[in-house]
Amino acid sequence: MTIAPGGTGRLTSPISAAAREILFDRDTAPAPDPVAAELGLISQVDRAHVVMLAERGIVDRAPAGELLNGIESLRRQRFAPLHDLPAPRGRYLAYESYLIDTLGAEVGGILHSGRSRNDLNATVVRLRLREPHERLLAESDTLGRALLDRARRWADVTMPAYTHHQPAVPITYGHYLAGVASALVRDVESLWQAGAEIDQNPLGAGAVGGTSLPVDQHRTTALLGFATPIPNSLHAVASRDLVLRQLSAATVLGVLLCRVAHDFQAWTSAEAGLLRLADDVVGSSSMMPQKRNPFLLEHVQGRALAPLGAFTASASAMATARFTNAIAVGTEAVAPAWSALEAATDAVVLLRLVVEGAEPVPERMYARAVDGQTAATYLAERLVDAGVPFRQAHHDVGAIAKEALAAGLPLHEAARARLGGQHALDPADVAQQAAHGGGPARPSVLAAVTEAETAFARIRAAAEDRRWRWSQAEVGLDDAVRSLTEPRSTP
């Protein structure tokens, strides 16, 4: 007897690679180098700052080029010479002290001209936020595309809509997925708007009151890929509201993820059986071989609202500080954001894997729509068409529904016995008749899909333009550094 690799119990395939990386592989992955990560961003700001100082004539080109060469050497070595140095006042001052010690005070000492750790830290936060912000946006966009693709595919698969956990009216599985995608669009738009402040450059604000040196904020803005400088130095160093807005938008997204996960948990239960999940998105039991547990959904619920906790911690830390530069704001309030944004992104990826691995069970969905008498509202509306006031129609159809249940009859047979004539109460037909108010009729679903696709595409294009600007700024900064560090040819 052979056991399929990664299989266990009823499962014949291992969990998907993307889910495994999130849930298990990070525990064994090498820890990132915190020194290289922090100083990599700091030194990027330093490069832009020194280039600007030299171009503006605030410092001479020769020492500026020598300083940039020292910074470039450290970057190539991933700051290895600094790993074992004591940093009693933080890594930045250890790094600046190393440059002064190795290059001399006349060279290393010019680095901090017209700048403070305050505006440096505010700039670094924005640079550091780029990657998690972009990844959350991109993964949310991928989830949106998965939802919309399947909304088109299953626009005719009839199922009940549920209210208060009870069958309500007939919709389609595609209608449900299009509805989730429409809500996701709003959340992605909020994430995008929350990222607008990432593109504002605080460098040049100094400690809190700017500087008398003629620094050029527009030049460092271009070199670092920002869109605009922040015009007020106090705001530049006092505020980290962009972190709160990131966490707030991610929290709202997390609420949606949790609610959808609850639906999928209910619909994949043995009692409901409306959805069937692929083996690579479920887990088994270590003891009970028959189990197929949709455990990714529990991880979605566990991670999706990490930004809520982080928002509370960050807002609480910020609220203790006056409106000026403060460690409580610039350091303590920012600290919870990184793991929270990663957790939110993980939740998006995990839910997308479930959506991609879920197949509707049409016969079960249809049966629940029939057994749940979901066509009752449609019947009441037909009575309204015949001139019956809606509240009377509501009362009459309620009585018919009760009689049908007591007699074990389908709703349409009980309606025929009470009202006479023929009433087409097939839930599939009823769903397709609900063409108004954004209902589940196929044209309505496809219109909602198209609208969401357009919105996602617009945000995707804007994000691509921004990434291009960032990448071009890196190229421009590299060129500017080379112009100061490479020997000039003489005629």
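The first residue of the sequence shown is numbered 1, and numbering continues consecutively from there. Heavy-atom basis, side chains included; hydrogens, waters and symmetry copies ignored.
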Quiz prompt | Criterion side-chain contact (heavy atoms from CB on, under 4.5 Å) on H262 and Q301, from CA distance to verdict | solution = CA-CA 8 Å; H262 279 304; Q301 294 163 335; 3.2 Å; yes

Self-check item: Close side-chain approach of D141 and L137, heavy atoms under 4.5 Å
Solution: no

Quiz item: Hey, does D199 have a side-chain heavy atom less than 4.5 Å from the side chain of W470?
Solution: yes

Quiz item: Can you name the closest pair of heavy atoms from V185 and A455 and give their distance?
Solution: CG1-CB, 3.5 Å

Practice problem: Decide yes or no for Y92 and V124: does some side-chain heavy atom of the first lie under 4.5 Å from some side-chain heavy atom of the second? | Solution: no

Quiz item: Looking only at heavy atoms, what is the nearest atom pair of R56 and P214, with distance?
Solution: NE-O, 2.7 Å

Quiz item: Would you find a donor on one side and an acceptor on the other, under 3.5 Å apart, between the side chain of H175 and the backbone of G438?
Solution: yes

Practice problem: Working to the nearest 0.5 Å, report the span between CG of L191 and CD1 of I459. | Solution: 9.0 Å

Quiz item: Would you say L136 and L253 make side-chain contact, with heavy atoms under 4.5 Å?
Solution: yes

Practice problem: Count the heavy atoms of every other residue, nucleotide or ligand shown that sit under 6.0 Å from CZ of R259, and state whether that count exceeds 12. | Solution: no

Quiz item: Between E189 and R458, is any pair of side-chain heavy atoms under 4.5 Å apart?
Solution: yes

Practice problem: Pick out which of W154, Y162, W267 makes a ring-ring contact (aromatic ring centres under 6.0 Å, His included) with Y176. | Solution: W267

Quiz item: Do you know which two heavy atoms are closest between R245 and A194, and how far apart they sit?
Solution: O-CB, 3.5 Å

Exercise. Report the distance from atom NE2 of H49 to atom CG of L224, rounding to the nearest 0.5 Å.
Key: 11.0 Å

Quiz item: Nearest heavy-atom pair of P294 and T268: which atoms, and what distance?
Solution: CG-OG1, 3.8 Å

Quiz item: Could you walk me through whether I15 and L296 pass the side-chain contact (heavy atoms from CB on, under 4.5 Å) check?
Solution: CA-CA 10 Å; I15 191 173; L296 295 190; 3.9 Å; yes

Quiz item: Which distance, rounded to the nearest 0.5 Å, do you find between the CG of L93 and the OG of S97?
Solution: 6.0 Å

Quiz item: Looking only at atom types and distance, does a side-chain atom of T324 sit under 3.5 Å from a main-chain N or O of A238, one as donor and one as acceptor?
Solution: no

Quiz prompt | Atom pair CD1/CG of I58 and L213 - distance to nearest 0.5 Å | solution = 5.5 Å

Quiz item: Judged by atom type as modelled, is there a donor-acceptor pair below 3.5 Å linking the side chain of R126 to the main-chain atoms of I198?
Solution: no

Quiz item: Among pairs that include at least one residue of residues 72-85, which meet side-chain hydrogen bond (donor to acceptor under 3.5 Å, both in side chains), considering only residues two or more places apart or in two chains?
Solution: D33-H83, S43-R75, Q44-R75, R47-E72, S73-Q77

Exercise. Look at R115 together with D119 and state whether they make a salt bridge at an N to O cut-off of under 4.0 Å.
Key: no

Quiz item: Do V215 and L203 have side chains that get closer than 4.5 Å, going by heavy atoms?
Solution: no

Practice problem: Rounded to the nearest 0.5 Å, what's the gap from OG1 on T485 to CD on E66? Could you check? | Solution: 12.0 Å

Listed pairs under 3.5 Å, donor-acceptor, residues 325-341 side chains, sequence neighbours left out:
{"residue": "N325", "atom": "ND2", "partner": "N118", "partner atom": "OD1", "Å": "3.2"}

Practice problem: Taking all non-hydrogen atoms of both residues into account, name the closest pair between Q217 and P229 and its distance. | Solution: CB-CB, 3.8 Å

Quiz item: Is there side-chain contact between V255 and L308, with at least one heavy-atom pair below 4.5 Å?
Solution: no

Quiz item: Less than 4.5 Å apart, any side-chain heavy atom of P132 and any of E342?
Solution: no

Quiz item: Counting heavy atoms not belonging to D60, are there more than 12 under 6.0 Å from its CG?
Solution: no

Quiz item: What distance do R303 atom CZ and D346 atom CG have between them, rounded to the nearest 0.5 Å?
Solution: 5.0 Å

Practice problem: For A358 and F264, work out which heavy atoms get closest and say how close. | Solution: CB-CE2, 4.0 Å

Exercise. Please answer whether the main-chain N or O of L277 pairs with a side-chain N or O of R292 as donor and acceptor at a distance below 3.5 Å.
Key: yes

Quiz item: Between R117 and E96, is there a salt bridge with N-O shorter than 4.0 Å?
Solution: no

Self-check item: Expected output: side-chain T142 to main-chain A138 donor-acceptor under 3.5 Å
Solution: yes

